[in-house]
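Heads up: the structure comes next, in structure tokens.
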Amino acid sequence: LFYLAVPPEAVVATATRIRSCCCGVAGFARVIVEKPFGRDAASSAALGGELVRLFAEESIYRIDHYLGEELVQNLLMFRFANALIDPLLCAEHVAAVRITFKDTEGTQGKSGAYAQ
């Protein structure tokens, strides 16, 4: 599961590196792309076309950043509160979990991508 919270212009490069460096021959990958997803309908369609070249459409999820924030914050609760999911998230089935959150200043000064 890869969660991309990057500006639209970085999505394709990031997804390309994920595909080439992090995805094995066996198994599957899910890619979550946080909004904004392009600047307009045309750039959104172009971005979607590039992602479909790398991953199956069924593996690509486009979400609002508020939905993603809550998901990340509740990851542990989601695992341990769900009897069907908990056994699947053990060391036998998951190679690694990495959550990186380096943003300490919110969207101040970064609203260019959101304003477009």
Side-chain angles (χ1 to χ4, degrees):
L1 175 65
F2 300 95
Y3 185 95
L4 281 66
V6 297
E9 57 272 8
V11 170
V12 174
T14 304
T16 300
R17 293 290 290 170
I18 288 170
R19 185 70 188 157
S20 65
C21 298
C22 302
C23 294
V25 177
F28 63 93
R30 298 290 187 259
V31 179
I32 300 170
V33 182
E34 185 179 285
K35 284 172 50 178
F37 195 76
R39 296 175 308 281
D40 52 25
S43 63
S44 177
L47 185 54
E50 290 291 323
L51 286 175
V52 170
R53 282 189 323 101
L54 299 166
F55 299 96
E57 179 64 44
E58 302 81 36
S59 299
I60 303 168
Y61 298 86
R62 299 155 185 91
I63 66 168
D64 185 87
H65 69 280
Y66 289 112
L67 297 175
E69 178 183 5
E70 186 174 341
L71 175 64
V72 171
Q73 289 176 348
N74 293 321
L75 186 59
L76 286 176
M77 189 222 37
F78 174 72
R79 174 187 175 184
F80 294 117
N82 191 325
L84 296 173
I85 298 294
D86 185 38
L88 298 175
L89 293 177
C90 68
E92 182 179 329
H93 299 290
V94 177
V97 173
R98 181 181 302 171
I99 299 173
T100 304
F101 187 79
K102 297 180 182 182
D103 189 358
T104 58
E105 54 190 70
T107 59
Q108 293 84 358
K110 301 178 205 168
S111 63
Y114 295 99
Q116 292 180 359

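Heads up: numbering here begins at 1 and tracks the sequence. These numbers come from a predicted model, not from an experiment.
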Scanning both residues in full, the closest heavy-atom pair of Val6 with Val11 reads CG2-CG2, 3.8 Å
In terms of heavy-atom contacts, Pro8 and Leu47 come closest through O-CD1, 4.2 Å
Starting at CZ of Phe2, measure out to CZ of Arg17 and round the result to the nearest 0.5 Å.
-> 12.5 Å
Can you name the closest pair of heavy atoms from Leu54 and Val12 and give their distance?
-> CD1-O, 4.3 Å
Starting at OG of Ser59, measure out to CG of Leu1 and round the result to the nearest 0.5 Å.
-> 11.0 Å
In terms of heavy-atom contacts, Glu57 and Val52 come closest through OE1-CG2, 3.2 Å
Evaluate the side-chain proximity of Leu4 to Ile18: yes if any heavy-atom separation is below 4.5 Å, no if none is.
-> yes
